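If you're wondering where the values come from, they're calculated on a predicted model, not measured in any experiment. Because only heavy atoms are used, hydrogens play no part in the values below, and waters and symmetry mates are left out as well, while side chains stay in.
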Amino acid sequence: LGLATNAAWVWPIFALYGIYTALTDGVSKAWISATVGSGTRGRALGLQGGAAGIGSVIAGAWAGLAWNGSGRGPLIMAGGIALGLAFVVGALTVRRPRHRVRAST
């Protein structure tokens with residue numbers, strides 16, 4: 001969205017973003033529901049919703065304060081930060097095969 005050079009691109013990209021959100025929003029809720037016990041499910045979903053809401057408020061306030069000129073700067077910066085974090089999380093969570101050292105005889 002931050003790289004759109006024409007206002008005509010904003011609406012189709014925004015629609016794709018809405019479709020993405022609709023398809024992925026329930027995934028975390030389903031994962032939490034399947035992971036936690038039935039006695040703590042409501043608390044876990046509430047914490048997830050609260051954390052997502054607080055994150056949205058912080059992100060919205062940051063974008064509003066950082067809005068400059070065409071508005072591309074905050075979107076591109078946020079995308080770059082998200083991409084960097086994705087690489088870090090991926091690097092930390094990928095399991096690497098262990099090489100066994102053979103004893104010399």
Side-chain angles (χ1 to χ4, degrees):
L1 192 59
L3 298 175
T5 57
N6 186 343
W9 280 103
V10 172
W11 291 108
I13 294 171
F14 194 69
L16 286 174
Y17 176 70
I19 292 169
Y20 163 78
T21 302
L23 292 173
T24 59
D25 191 41
V27 173
S28 63
K29 292 178 181 88
W31 179 74
I32 290 169
S33 295
T35 304
V36 300
S38 61
T40 58
R41 189 170 294 143
R43 181 179 294 148
L45 289 170
L47 286 172
Q48 185 269 342
I54 290 170
S56 293
V57 168
I58 292 170
W62 174 79
L65 293 172
W67 200 263
N68 186 359
S70 67
R72 292 181 182 164
L75 292 171
I76 293 171
M77 186 182 302
I81 291 170
L83 182 64
L85 287 173
F87 278 115
V88 169
V89 169
L92 293 174
T93 59
V94 171
R95 294 181 187 233
R96 295 183 180 100
R98 293 185 179 200
H99 298 287
R100 293 186 179 179
V101 178
R102 295 184 182 196
S104 59
T105 55

**Study point:** side-chain hydrogen bond (donor to acceptor under 3.5 Å, both in side chains) pairs, two or more places apart, involving residues 11-21
**Key:** none

Review point. Using a side-chain heavy atom cutoff under 4.5 Å and only I, L, V, M, F, W and Y, what cluster partners does Val36 have?
Key: Trp31, Ile32, Leu45

Revision key, fill the gap. Hits for side chain to side chain contact (heavy atoms under 4.5 Å, CB included) against Ile13, two or more places apart or cross-chain, chain-then-number order -> Leu1, Ala4, Trp9

Point to revise | Minimal non-hydrogen separation, Pro12 against Ala8, with atom names | key: CD-O, 3.0 Å

